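Every value quoted in this text rests on a predicted model; they were computed, and no experiment measured them.
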Amino acid sequence: MHGKPHIVSDVMTHTVAALGRSATFKEIVRMMHDWKVSALPVLEGEDRVVGVVSEADLLPKEEFRDSDPDRYTQSRRLSDLAKAGAVTAGELMTSPALTVHANATLAQTARIMAHSKVKRLPVVDDVGTLQGIVSRADLLKVFLRTDEDIAEEVRREVVSYLFPAPASSVRVTVRDGVVTLGGHIRDTSLVPVAARLIRAVEGVVDVQFDISGHDGSAESPSVPSSHSGTRRPRERHE
């Protein structure tokens with residue numbers, strides 16, 4: 001019923017700063033500073049993503065710079081201690097890289113980022129070639145949709161399907177992304193279904209209802225809570 005959801009290729013950044021395995025520590029820091037990013041993909045061969053270097057991979061060098069870790073720390077943080085002594089992207093990177101495909105939905109990508117606690121993901125094709133980068137900020141672009149655009153989609157994709165006239169008379173208003181359905185509907189048992197479908201519309205912040213049932217009585221139905229292109233990589237260092 002719903003229109004096609006936005007996918008990663010709709011919002012991703014195509015111009016990408018990337019590194020080769022031999023990029024030095026200071027080159028990595030400089031590139032992160034210049035591009036104002038917190039992570040960089042590491043490439044080899046035909047622009048195939050083999051890892052990612054993030055700020056978290058660089059911090060152990062500063063953390064252990066003037067300390068001599070005890071045995072307990074050494075046993076628990078072997079990986080961080082190894083990175084503290086690393087000097088190239090190949091030694092510092094997290095591998096294999098966590099990536100996403102351009103045709104993944106924004107919801108799928110948001111779940112990957114949330115579960116993995118990362119801020120950005122390299123976008124790759126079926127053979128792992130870099131296509132772009134998608135960030136948390138990119139995923140939030142759907143909330144820039146106008147209220148009018150959201151209201152039109154809710155009317156077209158939800159209301160006309162669940163509450164067709166003349167049996168129902170439903171008004172749709174949207175303010176700051178919050179959708180309100182008001183008026184008269186024949187079957188109030190469909191309200192939870194409507195809530196789920198409306199929350200699936202991209203850009204919707206919340207859903208509210210101000211409706212009456214077939215007998216004219218006011219209804220306060222229980223509503224479930226929400227939970228829920230061309231690549232141009234640049235600045236590669238070898």
Side-chain angles (χ1 to χ4, degrees), residues 7-9 11-104 106 108-139 229-238:
I7 57 177
V8 167
S9 61
V11 300
M12 72 184 191
T13 300
H14 294 268
T15 301
V16 184
L19 305 162
R21 285 179 178 269
S22 61
T24 66
F25 190 98
K26 292 193 72 170
E27 287 174 324
I28 298 167
V29 174
R30 173 58 61 185
M31 187 174 291
M32 286 183 178
H33 176 270
D34 291 346
W35 283 76
K36 296 179 173 58
V37 296
S38 59
L40 294 163
V42 181
L43 312 180
E44 71 175 10
E46 297 299 317
D47 291 339
R48 185 169 58 88
V49 179
V50 294
V52 172
V53 176
S54 70
E55 291 172 337
D57 296 317
L58 304 180
L59 284 176
K61 187 171 291 293
E62 179 65 16
E63 179 184 357
F64 296 110
R65 180 170 57 86
D66 59 356
S67 65
D68 185 14
D70 56 30
R71 289 190 176 183
Y72 177 77
T73 301
Q74 292 177 25
S75 65
R76 290 180 58 85
R77 302 188 60 189
L78 287 175
S79 176
D80 286 342
L81 287 169
K83 290 185 178 184
V87 295
T88 67
E91 297 167 337
L92 287 159
M93 69 183 184
T94 298
S95 181
L98 184 64
T99 61
V100 69
H101 287 95
N103 62 357
L106 302 192
Q108 291 169 336
T109 306
R111 284 193 289 271
I112 293 172
M113 287 187 178
H115 293 164
S116 303
K117 295 180 174 60
V118 296
K119 297 178 181 178
R120 55 184 55 226
L121 290 169
V123 183
V124 300
D125 62 15
D126 290 339
V127 295
T129 302
L130 183 65
Q131 303 292 301
I133 288 284
V134 64
S135 69
R136 292 176 179 175
D138 293 327
L139 300 185
T230 301
R231 176 192 61 79
R232 292 180 294 159
R234 291 292 184 266
E235 302 296 329
R236 180 176 174 181
H237 288 225
E238 293 294 334

*side chain to side chain contact (heavy atoms under 4.5 Å, CB included) with Val52: which residues, sequence neighbours excluded?*
Ala39, Ala97, Pro122
*In Å, rounded to the nearest 0.5 Å, how long is the span from CD of Glu44 to OG of Ser22?*
11.5 Å
*Thr109: side chain to side chain donor-acceptor pair (under 3.5 Å) partners, not counting sequence neighbours*: none
*In chain order, what residues pass the side chain to side chain contact (heavy atoms under 4.5 Å, CB included) check against Val29, with sequence neighbours excluded?*
Phe25, Leu58
*With Ser38 via side chain to side chain donor-acceptor pair (under 3.5 Å) - residues at least two apart*: none
Would you list the atom pairs, donor with acceptor, under 3.5 Å between side chains in residues 110-121 and any protein atom, with sequence neighbours excluded?
{"unit_1": "His115", "atom_1": "ND1", "unit_2": "Arg111", "atom_2": "O", "d": "3.4"}
{"unit_1": "Ser116", "atom_1": "OG", "unit_2": "Ile112", "atom_2": "O", "d": "3.1"}

*Only one of Asp57, Ile28, Val53 forms a side-chain contact (heavy atoms from CB on, under 4.5 Å) with Met93, so which one is it?*
Val53
_Taking every non-hydrogen atom, the tightest pair across Val123 and Met12_ = CG1-SD, 3.6 Å
*asked:* I'd like to check Met32 versus Leu40 (side-chain heavy atoms, cut-off strictly below 4.5 Å). Are they in contact?
replied: yes
*Can you tell if the side chain of Arg21 reaches within under 4.5 Å of the side chain of Val42, non-hydrogen atoms only?*
yes
*When rounded to the nearest 0.5 angstrom, what distance separates CG in Leu43 from CG in Leu19?*
7.5 Å
*Which atom of Ala84 lies closest to which atom of Lys61, heavy atoms considered*: O-NZ, 2.7 Å
*Please list, chain by chain and in numerical order, all residues satisfying side chain to side chain donor-acceptor pair (under 3.5 Å) with Glu55, sequence neighbours excluded.*
none
*Can you run down the salt bridge (charged side-chain N to carboxylate O under 4.0 Å, His left out) pairs that involve residues 125-138, sequence neighbours left out, and say none if there aren't any?*
Asp138-Lys141
*Might you point out which heavy atoms bring Gly132 and Val16 nearest each other, and give the distance in Å?*
CA-CG2, 3.4 Å
_Thr13 side, atom OG1; Ile133 side, atom CD1 - distance, nearest 0.5 Å_ = 8.0 Å
